[in-house]
Amino acid sequence: MKMNIIMILSFAIILLNLVEHANTGRVVPFNTTHSHVDYEDEVDLKLKLLNKPPLKTIKSSDGDIIDCIDIYKQPAFDHSALVNHTIQMAEQQNNDTFKSVVVSQIWQRNGSFCPQGTIPIRRIQRKHLLLNNNNLQRFGQKNPYHHHSITTTTPKPNVAMLVTLGYNYMGAQANLNLWNPFVLEDEYSSGQIWLKAGVSDLFESIEAGWVVNPKLYGDKATRLFVYWTKDQYESTGCFDLTCSGFIQTNPKVVLGGTLEPWSKERGPQYELPITITQDENTGNWWLKLGQNVAVGYWPGSLFRYLKQSAIMVQWGGEVYSPNVRKKPHTTTAMGSGEAASAGHGFASYVKNVRIMDYSMSFTQWVGTWADEEYCYSAFNEVKYGLEPTFYFGGPGQNPLCP
């Protein structure tokens, strides 16, 4: 009897922790002192919170399971700041989201779509949680930054990017060259846009682009992603809809869904056009793909600083690995895996770069940055009479980056 009481109390504590995480988008660590609780049971509880009851289920040929969820029962509404939130629908929806850019999502190919009033959400399966090395509380999250700690062992991602800062930005856009770089199992590599605000040691960020992330998705496919944080990845925010926050409105786009086709060296180049703009009336940040097709938005109420505007915009690549800034360096690639100097058809690029400020015009100043230029490089090619093209990437470990 005493053992049963201990088990019941242990389950109750875990469930309360998980519910608190869901309600705030914040990580609440498990109490690991309860040795009687089976890890498999923790996984079951997490799965119940992550996956909402579907009205329809679609099986994709790439192994994904897509659940059609009532739009008002999506994970965003578990957030305490969004309890009474009314969904803002986009003024214009286009059924041919990816048509103009050739790129598409694999799940769409069998012709099945979610019914009206629902959105498609990629189901988190048991195998996905088991990839996280018993760290369920940080599932779907990036590792936190620790600017002031000299003893932390938490690695910081490595970036090569185009950047602008110093103004109040209401939006940004770009065409991201789509690749499928080599990535080690516990690492990730992305091509993306960031919009940031706040102070350096507690910044807020909204992000979107493509990513290869085996630990999160269970494979090495290139996938569409969104991300947000209000405390430099410390405890809030997540990829896609793995926590409450981002509100999806589009019934034909899956966040975390596989994107194809991928660009090839000396071959066809494919692009993912992304636009992020702020609604000046609501403060919400809208994500749009292709030809102005709205996917959904980050509510302004999630943030303190981004509720007003962004003060920094970045475009480029990011690699997470415990083996950056050290020897031997990771072999996880960024972009195409080629250095920025390789140019078009070889290196990953960003085109059609735009920034919108309060004057509703496009600003001109940008600079480049690479954390480890011999591992992952950045180059903004400017030619007279032509729009600049920003190139980024690299193989990681190489003779100049041992």
Side-chain angles (χ1 to χ4, degrees), residues 25 50 64 66 69 71 74-79 81-82 85 87-88 90 97-98 103 105 107 119-124 128 139-142 157 171-176 178 188-197 203-213 215-217 221-233 236-259 272-279 283-290 292-303 306 310 313-318 320:
L50 285 171
D64 283 353
I66 310 301
I69 307 298
I71 192 170
Q74 61 180 292
F77 293 99
D78 292 335
H79 198 289
L82 302 174
H85 184 86
I87 293 179
Q88 178 187 1
T97 306
F98 298 103
V103 173
Q105 291 193 301
W107 79 282
I119 60 165
I121 299 181
R122 180 179 175 272
R123 184 185 298 180
I124 306 301
H128 301 136
F139 178 77
Q141 295 192 308
K142 295 185 178 184
Q173 69 181 53
N175 292 2
L176 304 176
L178 192 66
Y188 69 74
S189 181
S190 67
Q192 64 177 92
I193 300 176
W194 299 256
L195 287 97
K196 295 181 176 180
F203 65 79
E204 300 175 347
S205 180
I206 53 176
E207 308 168 18
W210 59 260
V211 68
V212 179
N213 191 335
K215 189 174 182 179
L216 177 61
Y217 299 113
T222 300
R223 295 174 176 270
L224 174 70
F225 85 93
V226 299
Y227 200 95
W228 70 275
T229 180
K230 62 178 296 183
D231 58 2
Q232 66 178 14
Y233 314 113
T236 60
C238 61
F239 280 98
D240 309 330
L241 302 180
T242 56
C243 71
S244 54
F246 186 88
I247 294 178
Q248 183 168 336
T249 60
N250 193 304
K252 295 188 176 182
V253 175
V254 171
L255 297 175
T258 304
L259 295 167
L272 178 64
I274 288 184
T275 302
I276 301 175
T277 55
Q278 187 177 38
D279 184 311
N284 299 333
W285 289 92
W286 278 93
L287 170 67
K288 298 180 180 181
L289 303 178
N292 205 37
V293 179
V295 175
Y297 59 91
W298 295 270
S301 57
L302 291 176
F303 306 103
L306 280 172
V313 184
Q314 301 167 334
W315 305 258
E318 178 176 85
Y320 166 77

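With hydrogens and angles ignored, the 3.5 Å screen pairs a side-chain donor or acceptor of W285 with a backbone N or O of L306. Y297 places no side-chain N or O within donor-acceptor distance of the main-chain N or O of D279, the cut-off being under 3.5 Å. A side-chain donor-acceptor contact under 3.5 Å links Q248 to the backbone of V253. Within the 3.5 Å criterion, the main-chain N or O of E204 finds no donor-acceptor partner in the side chain of W228. Between the side chain of T236 and the backbone N or O of K230, at least one donor-acceptor pair lies under 3.5 Å.
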Inset, instruction - List the steps, then state whether side-chain contact (heavy atoms from CB on, under 4.5 Å) holds for T222 with Y217. - result: CA-CA 10 Å; T222 300; Y217 299 113; over 6 Å; no
Inset, instruction - In sequence, state the C-alpha distance, the side-chain angles, and the governing distance for L216 and F139, and then conclude on side-chain contact (heavy atoms from CB on, under 4.5 Å). - result: CA-CA 8 Å; L216 177 61; F139 178 77; 3.7 Å; yes
Legend entry - Test log, rule side-chain contact (heavy atoms from CB on, under 4.5 Å), inputs L259 and Q105: CA-CA 5 Å; L259 295 167; Q105 291 193 301; 3.8 Å; yes
Inset, instruction - Give the C-alpha distance, both sets of side-chain angles, the deciding distance and a yes or no for side-chain contact (heavy atoms from CB on, under 4.5 Å) between Y320 and N213. - result: CA-CA 9 Å; Y320 166 77; N213 191 335; over 6 Å; no
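Annotation for A174 and I193: closest pair N-CD1, 3.9 Å, computed over non-hydrogen atoms. Residues P251 and W107 come closest through the heavy atom pair O-CH2, 4.2 Å. Of all heavy-atom pairs spanning Q74 and I71, the tightest one is NE2-O, 2.9 Å. Closest of all the heavy-atom pairs between L176 and G191 is CD1-O, 3.6 Å. Here the closest heavy-atom approach between residue R122 and residue G256 is recorded as CD-O, 3.6 Å. In terms of heavy atoms, G245 sits closest to P299 at O-CD, 3.3 Å.
Note: I69 CD1 to R123 CZ = 8.5 Å, rounded to the nearest 0.5 Å. Rounding to the nearest 0.5 angstrom, the gap separating the NZ atom in K252 from the CG atom in L289 is 14.5 Å. Taking CZ of F77 as the reference point, atom CG of L82 lies at 7.0 Å (rounded to 0.5 Å). Between atom CD1 of residue I247 and atom CG of residue L287 there is a gap of 13.5 Å, rounded to the nearest 0.5 Å. To the nearest 0.5 angstrom, W210 atom CH2 is 9.5 Å from Q192 atom CD. Put simply, CG on L195 and CD1 on I206 are 5.0 Å apart, with the number rounded to the nearest 0.5 Å.
Side-chain contact between T249 and W286 is present, with heavy atoms from C-beta onward closer than 4.5 Å. Side-chain contact between T258 and R223 is present, with at least one heavy-atom pair separated by less than 4.5 Å. Residues L272 and L224 meet the side-chain proximity criterion, which asks for heavy atoms closer than 4.5 Å. In this structure the side chain of F303 reaches within 4.5 angstrom of the side chain of W298, judged on heavy atoms.
With sequence neighbours excluded, the residues satisfying side-chain hydrogen bond (donor to acceptor under 3.5 Å, both in side chains) with Y233 are E207. Legend: residues meeting side-chain hydrogen bond (donor to acceptor under 3.5 Å, both in side chains) with Q314, ordered by chain and number and at least two apart, are K196.
Separation of the F239 and H128 ring centroids does not fall under the 6.0 Å cut-off.
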